[in-house]
Amino acid sequence: MRKDITVTAEVRAARGKNEARRLRVRGFIPAVVYGAYKDSVSIGVNPKEITQILHSKSGHNTIFNLSIQGVENTPVMLVDSQRDPVKGHLLHADLKRIDLEKRIRVAVPVITQGEAAGIKLQGGLLEIITREIEIECLPDEIPEHFVVDVSSLMIGQSVRAGSIPMTGSMRLTSAPETVIAHVVALRAEEVAPAAVVEAAPAAEGAAGEPEVIKKGKKEEESAEPAADTKAKKK
(Lines give C-alpha, C1' and ligand atoms only; values in the text may rest on other atoms or scores of the structure.)
Protein backbone atom coordinates (compact mmCIF):
# COMPACT_ATOMS: atom_id res chain seq x y z
CA MET A 1 0.00 0.00 0.00
CA ARG A 2 1.32 3.38 -0.98
CA LYS A 3 1.71 5.94 1.81
CA ASP A 4 2.37 9.66 1.68
CA ILE A 5 5.69 9.28 3.48
CA THR A 6 9.05 10.63 2.35
CA VAL A 7 12.34 9.35 3.75
CA THR A 8 15.38 11.49 3.05
CA ALA A 9 18.68 9.75 2.28
CA GLU A 10 22.22 10.74 1.40
CA VAL A 11 24.70 9.05 -0.90
CA ARG A 12 27.49 7.09 0.75
CA ALA A 13 30.84 8.02 -0.78
CA ALA A 14 32.62 5.07 0.79
CA ARG A 15 31.83 1.58 2.05
CA GLY A 16 33.15 -0.72 4.72
CA LYS A 17 32.95 -1.08 8.50
CA ASN A 18 34.59 2.26 9.24
CA GLU A 19 32.14 4.17 7.04
CA ALA A 20 29.21 2.28 8.59
CA ARG A 21 30.49 3.17 12.06
CA ARG A 22 30.74 6.84 11.15
CA LEU A 23 27.20 6.76 9.77
CA ARG A 24 25.80 5.27 12.96
CA VAL A 25 27.57 7.90 15.07
CA ARG A 26 25.63 10.51 13.06
CA GLY A 27 22.33 8.67 13.60
CA PHE A 28 22.18 6.95 10.20
CA ILE A 29 22.53 3.35 9.00
CA PRO A 30 23.94 2.08 5.69
CA ALA A 31 21.41 1.06 3.06
CA VAL A 32 21.19 0.31 -0.63
CA VAL A 33 18.48 1.03 -3.20
CA TYR A 34 18.16 -0.92 -6.46
CA GLY A 35 15.70 -2.08 -9.11
CA ALA A 36 13.60 -0.57 -11.93
CA TYR A 37 16.45 -1.19 -14.39
CA LYS A 38 18.63 1.43 -12.70
CA ASP A 39 22.02 1.18 -11.04
CA SER A 40 22.09 0.45 -7.32
CA VAL A 41 23.00 3.35 -5.03
CA SER A 42 24.63 3.07 -1.60
CA ILE A 43 22.92 5.44 0.79
CA GLY A 44 22.53 6.37 4.44
CA VAL A 45 19.04 6.58 6.02
CA ASN A 46 17.54 7.38 9.40
CA PRO A 47 16.74 4.02 11.10
CA LYS A 48 13.92 5.58 13.15
CA GLU A 49 12.00 6.48 10.01
CA ILE A 50 12.41 2.97 8.59
CA THR A 51 11.38 1.40 11.92
CA GLN A 52 8.20 3.51 12.02
CA ILE A 53 7.29 2.24 8.56
CA LEU A 54 7.88 -1.37 9.57
CA HIS A 55 5.66 -0.94 12.64
CA SER A 56 2.80 0.58 10.63
CA LYS A 57 -0.27 -1.48 9.66
CA SER A 58 1.05 -2.14 6.16
CA GLY A 59 4.55 -3.07 7.41
CA HIS A 60 6.87 -4.45 4.72
CA ASN A 61 4.19 -3.81 2.08
CA THR A 62 4.40 -0.04 2.60
CA ILE A 63 5.40 1.89 -0.51
CA PHE A 64 6.97 5.22 0.41
CA ASN A 65 9.01 7.93 -1.29
CA LEU A 66 12.78 7.89 -1.02
CA SER A 67 14.44 11.24 -1.65
CA ILE A 68 18.17 10.83 -2.30
CA GLN A 69 19.81 14.23 -2.12
CA GLY A 70 20.97 15.33 -5.55
CA VAL A 71 20.21 11.97 -7.18
CA GLU A 72 16.54 10.94 -7.39
CA ASN A 73 13.13 10.84 -5.78
CA THR A 74 11.50 7.43 -6.22
CA PRO A 75 8.85 5.14 -4.65
CA VAL A 76 10.44 2.19 -2.82
CA MET A 77 9.68 -0.76 -0.56
CA LEU A 78 11.80 -2.31 2.19
CA VAL A 79 12.70 -5.81 1.00
CA ASP A 80 15.32 -6.85 3.54
CA SER A 81 16.98 -5.64 6.72
CA GLN A 82 19.65 -6.61 9.21
CA ARG A 83 19.21 -6.18 12.96
CA ASP A 84 21.49 -6.28 15.97
CA PRO A 85 21.01 -9.79 17.45
CA VAL A 86 21.11 -8.47 21.04
CA LYS A 87 19.60 -4.97 21.00
CA GLY A 88 17.32 -5.55 18.00
CA HIS A 89 17.85 -2.18 16.32
CA LEU A 90 18.36 -1.81 12.56
CA LEU A 91 21.89 -2.14 11.17
CA HIS A 92 21.26 -2.20 7.40
CA ALA A 93 18.34 -1.91 4.96
CA ASP A 94 17.72 -3.00 1.37
CA LEU A 95 15.24 -0.86 -0.57
CA LYS A 96 13.75 -1.65 -3.96
CA ARG A 97 12.46 0.89 -6.48
CA ILE A 98 8.82 0.31 -7.42
CA ASP A 99 7.30 0.91 -10.83
CA LEU A 100 3.75 1.96 -9.99
CA GLU A 101 2.52 0.79 -13.42
CA LYS A 102 3.67 -2.82 -12.98
CA ARG A 103 2.23 -5.60 -10.88
CA ILE A 104 4.31 -6.88 -7.96
CA ARG A 105 4.09 -9.96 -5.77
CA VAL A 106 3.61 -9.48 -2.03
CA ALA A 107 2.67 -11.52 1.05
CA VAL A 108 -0.47 -10.20 2.76
CA PRO A 109 -1.53 -11.13 6.34
CA VAL A 110 -4.80 -13.03 6.85
CA ILE A 111 -6.91 -12.30 9.94
CA THR A 112 -9.75 -14.56 11.15
CA GLN A 113 -12.90 -13.21 12.76
CA GLY A 114 -15.88 -14.76 14.53
CA GLU A 115 -16.25 -17.84 16.74
CA ALA A 116 -16.62 -21.08 14.82
CA ALA A 117 -19.95 -22.90 15.27
CA GLY A 118 -18.00 -26.14 15.64
CA ILE A 119 -16.54 -24.82 18.88
CA LYS A 120 -19.84 -23.72 20.46
CA LEU A 121 -22.01 -26.60 19.26
CA GLN A 122 -19.60 -29.52 18.92
CA GLY A 123 -16.78 -28.76 21.35
CA GLY A 124 -14.22 -28.60 18.55
CA LEU A 125 -11.01 -26.59 18.26
CA LEU A 126 -10.18 -23.91 15.69
CA GLU A 127 -6.68 -24.23 14.25
CA ILE A 128 -5.05 -21.39 12.30
CA ILE A 129 -2.85 -22.99 9.65
CA THR A 130 -1.77 -20.10 7.39
CA ARG A 131 -1.37 -16.50 8.52
CA GLU A 132 -0.51 -14.89 5.16
CA ILE A 133 -1.01 -15.53 1.47
CA GLU A 134 0.81 -14.31 -1.62
CA ILE A 135 -0.90 -12.20 -4.25
CA GLU A 136 0.11 -10.21 -7.30
CA CYS A 137 -1.33 -6.73 -7.93
CA LEU A 138 -0.55 -3.13 -8.81
CA PRO A 139 1.41 -1.32 -6.08
CA ASP A 140 -1.41 1.11 -5.27
CA GLU A 141 -3.82 -1.79 -4.63
CA ILE A 142 -1.87 -3.75 -2.04
CA PRO A 143 -4.25 -4.44 0.90
CA GLU A 144 -3.14 -4.15 4.52
CA HIS A 145 -4.69 -7.55 5.25
CA PHE A 146 -7.49 -9.96 4.35
CA VAL A 147 -10.29 -10.81 6.80
CA VAL A 148 -11.76 -14.34 6.83
CA ASP A 149 -15.01 -15.15 8.68
CA VAL A 150 -14.84 -18.56 10.40
CA SER A 151 -18.14 -18.37 12.31
CA SER A 152 -19.91 -20.95 10.09
CA LEU A 153 -17.24 -23.64 10.33
CA MET A 154 -18.21 -27.00 11.85
CA ILE A 155 -15.86 -29.86 12.74
CA GLY A 156 -14.14 -31.08 9.58
CA GLN A 157 -14.74 -27.85 7.65
CA SER A 158 -12.10 -25.34 6.58
CA VAL A 159 -11.49 -22.03 4.83
CA ARG A 160 -9.00 -22.10 1.97
CA ALA A 161 -7.01 -19.41 0.19
CA GLY A 162 -9.08 -19.83 -2.96
CA SER A 163 -12.21 -18.62 -1.16
CA ILE A 164 -10.71 -15.22 -0.32
CA PRO A 165 -12.17 -12.66 -2.76
CA MET A 166 -9.69 -10.80 -4.96
CA THR A 167 -10.58 -7.29 -6.13
CA GLY A 168 -9.18 -4.91 -8.73
CA SER A 169 -5.82 -6.04 -10.08
CA MET A 170 -5.32 -8.66 -7.33
CA ARG A 171 -4.51 -12.21 -8.35
CA LEU A 172 -3.88 -15.08 -5.95
CA THR A 173 -0.44 -16.67 -6.39
CA SER A 174 -0.56 -18.96 -3.34
CA ALA A 175 -2.04 -22.41 -3.99
CA PRO A 176 -5.88 -22.08 -3.89
CA GLU A 177 -6.16 -25.24 -1.77
CA THR A 178 -3.95 -23.76 0.98
CA VAL A 179 -5.86 -24.13 4.27
CA ILE A 180 -6.22 -20.88 6.21
CA ALA A 181 -8.11 -22.31 9.20
CA HIS A 182 -10.16 -25.41 10.08
CA VAL A 183 -12.12 -26.86 12.99
CA VAL A 184 -11.01 -30.21 14.38
CA ALA A 185 -12.31 -32.54 17.10
CA LEU A 186 -10.38 -32.68 20.35
CA ARG A 187 -8.03 -35.64 20.38
CA ALA A 188 -8.61 -38.48 22.85
CA GLU A 189 -5.35 -37.84 24.70
CA GLU A 190 -6.48 -34.26 25.43
CA VAL A 191 -9.57 -35.55 27.26
CA ALA A 192 -8.02 -38.61 28.94
CA PRO A 193 -6.06 -36.88 31.77
CA ALA A 194 -9.24 -35.45 33.37
CA ALA A 195 -10.91 -38.86 33.33
CA VAL A 196 -7.85 -40.47 34.91
CA VAL A 197 -7.78 -37.89 37.73
CA GLU A 198 -11.47 -38.44 38.54
CA ALA A 199 -11.13 -42.23 38.55
CA ALA A 200 -7.94 -42.30 40.63
CA PRO A 201 -9.49 -41.88 44.15
CA ALA A 202 -12.02 -44.64 43.52
CA ALA A 203 -9.31 -46.94 42.19
CA GLU A 204 -7.12 -46.30 45.23
CA GLY A 205 -10.00 -47.06 47.59
CA ALA A 206 -10.82 -50.30 45.79
CA ALA A 207 -7.22 -51.40 45.89
CA GLY A 208 -6.95 -50.62 49.63
CA GLU A 209 -9.87 -52.74 50.82
CA PRO A 210 -8.28 -56.20 50.31
CA GLU A 211 -5.26 -55.08 52.37
CA VAL A 212 -7.48 -54.13 55.34
CA ILE A 213 -9.44 -57.37 55.14
CA LYS A 214 -6.27 -59.40 54.84
CA LYS A 215 -4.76 -57.68 57.86
CA GLY A 216 -7.87 -58.29 59.98
CA LYS A 217 -7.85 -61.93 59.03
CA LYS A 218 -4.25 -62.33 60.25
CA GLU A 219 -5.16 -60.76 63.60
CA GLU A 220 -8.06 -63.22 64.01
CA GLU A 221 -5.82 -66.17 63.16
CA SER A 222 -3.17 -65.07 65.68
CA ALA A 223 -5.83 -64.66 68.41
CA GLU A 224 -7.19 -68.23 68.10
CA PRO A 225 -4.00 -70.09 69.25
CA ALA A 226 -3.82 -67.85 72.32
CA ALA A 227 -7.32 -68.88 73.35
CA ASP A 228 -6.43 -72.61 72.91
CA THR A 229 -3.39 -72.23 75.19
CA LYS A 230 -5.47 -70.74 78.02
CA ALA A 231 -7.95 -73.59 77.73
CA LYS A 232 -5.20 -76.21 78.09
CA LYS A 233 -3.80 -74.56 81.23
CA LYS A 234 -7.17 -74.77 82.91
Side-chain angles (χ1 to χ4, degrees), residues 1-85 87-111 130-146 161 164 166-175 178:
M1 176 174 288
R2 191 177 185 186
K3 299 288 186 178
D4 187 17
I5 301 172
T6 298
V7 173
T8 302
E10 60 180 43
V11 177
R12 283 190 289 149
R15 298 183 181 182
K17 292 183 178 180
N18 291 334
E19 175 64 16
R21 192 177 296 111
R22 284 191 290 268
L23 271 175
R24 294 188 181 103
V25 169
R26 294 171 47 220
F28 288 80
I29 60 169
V32 61
V33 58
Y34 59 88
Y37 305 103
K38 297 180 180 179
D39 294 336
S40 61
V41 180
S42 297
I43 57 176
V45 295
N46 187 327
K48 293 181 180 179
E49 294 180 321
I50 302 299
T51 300
Q52 287 177 351
I53 290 172
L54 287 175
H55 289 169
S56 67
K57 291 182 178 180
S58 48
H60 278 86
N61 290 338
T62 305
I63 298 175
F64 58 96
N65 297 319
L66 180 69
S67 178
I68 306 175
Q69 297 175 1
V71 179
E72 63 179 317
N73 191 338
T74 181
V76 298
M77 287 178 67
L78 179 70
V79 294
D80 198 7
S81 61
Q82 180 184 352
R83 292 182 176 272
D84 184 288
K87 298 181 179 180
H89 54 249
L90 282 175
L91 298 176
H92 189 276
D94 286 359
L95 306 173
K96 182 180 179 180
R97 298 184 187 93
I98 300 298
D99 185 342
L100 299 177
E101 302 299 322
K102 292 185 178 180
R103 301 160 69 96
I104 59 174
R105 181 175 295 189
V106 292
V108 180
V110 179
I111 299 173
T130 305
R131 296 187 181 276
E132 64 178 23
I133 59 173
E134 286 191 353
I135 67 168
E136 190 176 81
C137 65
L138 291 173
D140 285 336
E141 296 183 4
I142 301 173
E144 288 184 357
H145 57 261
F146 290 110
I164 298 177
M166 299 285 118
T167 61
S169 64
M170 299 179 196
R171 184 173 66 85
L172 181 68
T173 55
S174 291
T178 300

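All values below come from the heavy atoms of this structure, side chains included, with hydrogens, waters and symmetry mates left out.
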Check: I164 and L172 side chains under 4.5 Å, non-hydrogen atoms:
no
Please examine the side chains of M77 and L95, heavy atoms only from C-beta on, and report whether any two atoms are closer than 4.5 Å.
no
Pairs under 3.5 angstrom only: tabulate donor-acceptor contacts from the side chains of residues 2-10 to other protein residues two or more places apart or in another chain.
residue : atom : partner : partner atom : Å
E10     : OE1  : R26     : NH2          : 3.1
E10     : OE2  : R26     : NH1          : 3.0
E10     : OE2  : R26     : NH2          : 2.9

In chain order, what residues pass the salt bridge (charged side-chain N to carboxylate O under 4.0 Å, His left out) check against R22, with sequence neighbours excluded?
E19
What pairs with N46 under side-chain contact (heavy atoms from CB on, under 4.5 Å), at least two apart in sequence or on another chain?
K48, E49
Report the residues that fulfil salt bridge (charged side-chain N to carboxylate O under 4.0 Å, His left out) with R103, sequence neighbours left out, ordered by chain and then residue number.
E136
Ignoring hydrogens, what is the shortest heavy-atom contact between K87 and D84? Give both atom names and the distance.
N-OD1, 2.8 Å
In residues 32-44, what donor-acceptor pairs under 3.5 Å come from side-chain atoms, sequence neighbours left out?
residue : atom : partner : partner atom : Å
S42     : OG   : R15     : NE           : 3.0
S42     : OG   : R15     : NH2          : 2.8

Side chains of I135 and P143: closer than 4.5 Å at any heavy-atom pair?
yes
Separation of T173 OG1 from E134 CD (nearest 0.5 Å)
5.0 Å
Minimum heavy-atom separation for P139 to K102, with atom names?
CD-O, 3.1 Å
What one should report as the nearest heavy-atom pair of S81 and L90 is CB-CD2, 3.8 Å
Who are the side chain to side chain donor-acceptor pair (under 3.5 Å) partners of D94, not counting sequence neighbours?
H92
Close side-chain approach of T62 to L78, heavy-atom, < 4.5 Å:
no
Evaluation steps, side chain to side chain contact (heavy atoms under 4.5 Å, CB included), between H60 and L54:
CA-CA 6 Å; H60 278 86; L54 287 175; 3.7 Å; yes
What pairs with A20 under side-chain contact (heavy atoms from CB on, under 4.5 Å), at least two apart in sequence or on another chain?
R24, P30
For the CZ atom on R83, are there more than 12 heavy atoms of other groups (residues, nucleotides or ligands in this structure) within a distance under 6.0 Å?
yes
In short, I29 meets L91 closest at the heavy-atom pair CB-O, 3.7 Å
Can a donor-acceptor pair be found, under 3.5 Å and without considering hydrogens, that links the side chain of S58 to the backbone of E144?
no
Counting C-beta onward and ignoring hydrogens, is there a side-chain heavy-atom pair between F28 and R12 closer than 4.5 Å?
no
Counting only pairs under 3.5 Å, give me each side-chain donor-acceptor contact of residues 63-72, with atom names and distances, residues two or more places apart or in other chains.
residue : atom : partner : partner atom : Å
E72     : OE1  : R97     : NE           : 3.3
E72     : OE2  : R97     : NE           : 3.2
E72     : OE2  : R97     : NH2          : 2.9

By side chain to side chain donor-acceptor pair (under 3.5 Å) - contacts of E141 (at least two apart):
S169
Under the 3.5 angstrom rule, does the side chain of S174 hit a backbone N or O of I133 as a donor-acceptor pair?
no
